[in-house]
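All of these numbers come straight from a predicted model, not from anything done at the bench. Read the numbers this way: they start at 1 and go in the same order the structure lists the ligands and their atoms. Atoms considered below: every heavy atom in the structure, side chains included; atoms not considered: hydrogens, waters and symmetry mates. Starting from 1, each residue takes its place in the sequence as its number.
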Amino acid sequence: MDFHSMILLFSCALFLLGSTFATQDTISANQAIKDGDTIVSHDQTYELGFFSPGKSKNRYVGIWYKKISYGTVVWVANRETPITDKSGMLKLSTDGNLLILSGGSTMIWSSNSTVSMRSNNPVVAVQLLDTGNLIVWDKSSTNGSVIWQSFDYPVNTILPGMKYGKNLVTGRHSSLTPWKSPDDPAPGMYHHWLDTNGYPQLFARQGPVLLSRFGPWNGLMFQGLPLENPNAIYFVEFVYNDKEIYFVYKMKTTVFQRITVMPDNTAVQLQWIDQIHDWAVFSSSGEKDKCGRFGLCGPYGSCSIDRYPPCKCMVGFRPRVPDEWDKANGSSGCERNRALSCGSGDGFMKLSGMIFPDTRRSEFNHSMTLEECEIVCRMNCSCTAYANLDIRNGGTGCLLWFGDLIDITEYDVKQDLYIKLAAAELADFQSSFTRKKRVLTVVLSTSSAVLLLFAVAYVCIKKNTSPHMNQRGNFYGLDKKNSSVQMEDLDDLPSFSIREISKATHNFNTNNKIGEGGFGPVYKGLLEDGREIAVKRLSETSQQGLDEFMNEIRTIAKLQHRNLVKLLGYCNNGNELILIYEYMINKSLDLILFDETRSMMLDWPHRFNIIHGMARGILYLHQDSRLQIIHRDLKAGNILLDADMNPKISDFGLARKFVGFDTTAMTKKVVGTYGYMPPEYALYGRFSTKSDVFSFGVLLLEIVSGKKNREFSHDDRNDNLLGHAWRLYTQGRSIELMSASLRGSCIASEVLRCLQVGLLCVQHHAEDRPTMLSVVLMLVSEGVLPQPKQPAFYSEESCSTKLESISSDEEEYMITLLYAR
Ligand SMILES: *[C@@H]1O[C@H](CO)[C@@H](O)[C@H](O)[C@H]1NC(C)=O
Ligand SMILES: *[C@@H]1O[C@H](CO)[C@@H](O)[C@H](O)[C@H]1NC(C)=O
Ligand SMILES: *[C@@H]1O[C@H](CO)[C@@H](O)[C@H](O)[C@H]1NC(C)=O
Ligand SMILES: *[C@@H]1O[C@H](CO)[C@@H](O)[C@H](O)[C@H]1NC(C)=O
Ligand SMILES: *[C@@H]1O[C@H](CO)[C@@H](O)[C@H](O)[C@H]1NC(C)=O
């Protein structure tokens, strides 16, 4: 089950609720809330009472949303001790203890909170706050004091304002445990908490087995956790003092968000989107990729999702059990090539682009400089690495590791790690590095200018486009054994036989062909079990590339979102790979949008839904934990529509292969489609999530105008669609861009908002363009939008001159190479 169906189940949980007869938010001592009664927070956001989750008939006391997402439960009191009938009652005792009684007298749950002895005349009350926090007050003192609060005992959900961590005074340590299932709020088998050993990190475990780790906190966020900070919607804070250690996130605007751990252990950050009446996934973190698993590569091994096998020893280390490593099992980790001398004979190697190793055995100091940090580490034999604690202000503080370094992942982290190595090791490394450089120089001086172009291009590619692996070439030059690689077989992606697929497509009959995608032809098929499928035959590749690609496909298959086309399976037919997708009855957006008659089927609400759905799908690809996918070829032909005209993005992740290592087989494949490519990609092959934002902007303008960017022409101007949209915008006439067929159905303010967002997305400079997260928010919020700057490819003229200058033969080859990664 994917998160969406789960979220839906949670949201649609059938409630056997009575009507609210009390509109108050407070009850006093000796008052009771009976099954069927509720209390409601002052601003009507939250409601507390008895409920039955999903298909269950059991009764639980919980808090759920009232105004939005009615019935979505955020807290449960008696999650392990349900009442089986409607005799339940929630009561506050005079000493401040919150009790659930069944059958009028049997206590089945208690908050175990009582007023301290000092308060000799307590006046207690329980109140449901607008934040969703249920608190028990003692109102006898002037300002009242909180005796107990539900925020201290989260179930599976963190709400804004909730402190998640440890109170060092009381010893209370909050944690999250998912529900067993949408029908049962009892604790599932996973456990999430903020670990306060060493420098704090977020952990998840299943029983005693550690599953995943995020952190440490780097001043802005937990390393590897896809929470964008700072941003316009919320902010995240981490507090560490002698009373408490916690992480809290707070909203800057009036939107509703929550972080919930789903029964399958995925933690999702969700935001309520009023326009669509649903929760949108902002980010999620599970273990969707292999490196997400704690300690996969053992001590001193580092993990990369871009590699198969994913583990490698860090420089200066070698596999501890080579036989296991040869079988692609790196869990036993690595050992030093040369022992440390424990004194002046050791030095440090700087590593970048790594999620820091586990910090449970670390020490830290906020005021020390990096130099002081190094000295301390040098002087203590068991210190193995050091780093700055905080990335802000150019890096401050000191973090020291003691003992083995474990759980290191190559990732786009802008924080350097310095690991201790024997001096001789460092010297070796230095000389091998210089030797490599010399070889490169020799090649260059004896080769033609074209070759030089190649080499430069190649170096640029390596350098520019995998920032999170910069220096990989330097530090991981030690592998020689990827020849004996065997496929992991951990997947649940079904494999189909070529016979099944041939039969389903009538032997790839041309009548079944429904399109020619960027990567090969697509056929419609009918499986024996009656399922309709779309079959994509990928252009041929070498076997070596295929294995690696299969590995990637398995990872991609785990990405699930309602706005992504679902991959149902694959068929490996010799050198050919065939992918099997769900079939979309309305085919691709371009076939409808750019067809004069069929475009009538898309009124404004449909188009807005398509724009919004696309944005959410792309956001999911960009923000999904660790495995950040840049689509690289977003266009109307890659947006498929289901029976209800909901958009589904196709071909995501495929670009990674086709612009991958295998340049020899694929040199002529340019990924990306003219008209949707941002200038930095078209001209320099540089891409980032902002390239997708650009393509999205073009798509958005196409959807509103019903015109293709590429084929757009305007009477006496040389504008393309973007230029035209910009000109109208500067003249305050944006609405004229809208397709005439929308006149009956449009909501002008929404159309104008979309157009402005579109223009923001197609701005010339990548750094000016918003992130996909901002795009989603801007589309649905009411706030004032920033003013866009002039778009890229403002007029056809400037565009074609730039592209012409690089279209001679050799250069074409170079550009192609540049497209590669
Ligand atoms: C209250 O205390 C009882 C007895 O120690 C314990 O079984 C129960 O789990 C506690 N309740 C809560 C909510 O902690
Ligand atoms: C009560 O709250 C007010 C305003 O927040 C504060 O000035 C005052 O010191 C508080 N009194 C006590 C006894 O805490
Ligand atoms: C990898 O090796 C370890 C022993 O170091 C073993 O316990 C584990 O089962 C192996 N994993 C696989 C997938 O073979
Ligand atoms: C941090 O380092 C500074 C300077 O070395 C030292 O004065 C201070 O006591 C240290 N703080 C802690 C908490 O160890
Ligand atoms: C090295 O640091 C560890 C951890 O702080 C400490 O326990 C040990 O005593 C130190 N050793 C020396 C020689 O200072």
Indicate whether any N or O donor in one side chain lies under 3.5 Å from an N or O acceptor in the other, for Asp407 and Thr409. no

Side chains of Gln127 and Asp25: any donor to acceptor distance under 3.5 Å? yes

Please check whether Asn112 reaches ligand 1 - meaning an N/O of the residue sits under 3.5 Å from an N/O of the ligand, judged on distance alone. yes

What part of Met379, side chain, backbone, both or neither, has a heavy atom within less than 4.0 angstrom of ligand 5? neither

Write out the residue and atom name of the closest protein heavy atom to [atom], then the distance separating them to 0.1 Å.
atom                    : answer
atom 5 (O) of ligand 3  : Glu324 OE1, 2.9 Å
atom 1 (C) of ligand 5  : Asn380 ND2, 1.3 Å
atom 4 (C) of ligand 5  : Glu363 OE2, 3.2 Å
atom 14 (O) of ligand 3 : Asn329 ND2, 3.4 Å

Looking at Thr359, is its backbone amide N or carbonyl O close enough to the side chain of Gln201 to form a donor-acceptor pair, meaning the two atoms are under 3.5 Å apart? yes

Glu372 side chain vs Thr369 backbone, donor-acceptor pair below 3.5 Å: yes

Count the heavy atoms of every other residue, nucleotide or ligand shown that sit under 6.0 Å from CZ of Arg336, and state whether that count exceeds 12. yes

Under 4.0 Å from atom 9 (O) of ligand 3, is there at least one protein heavy atom? no

Contact region, Tyr153 to ligand 1, non-hydrogen atoms below 4.0 Å, reads neither

Can you name the atoms of ligand 1, numbered from 1 with element, that are less than 4.0 Å from a heavy atom of Ser110? 11 (N), 12 (C), 13 (C)

Return the minimal non-hydrogen interatomic distance between Ile406 and Gly295, and the atom names on each side. CG1-CA, 4.2 Å

Does any N/O atom on Ser382 come nearer than 3.5 Å to any N/O atom on ligand 5? no

Test salt bridge (charged side-chain N to carboxylate O under 4.0 Å, His left out) applied to Asp390 - qualifying residues, sequence neighbours left out: Arg392

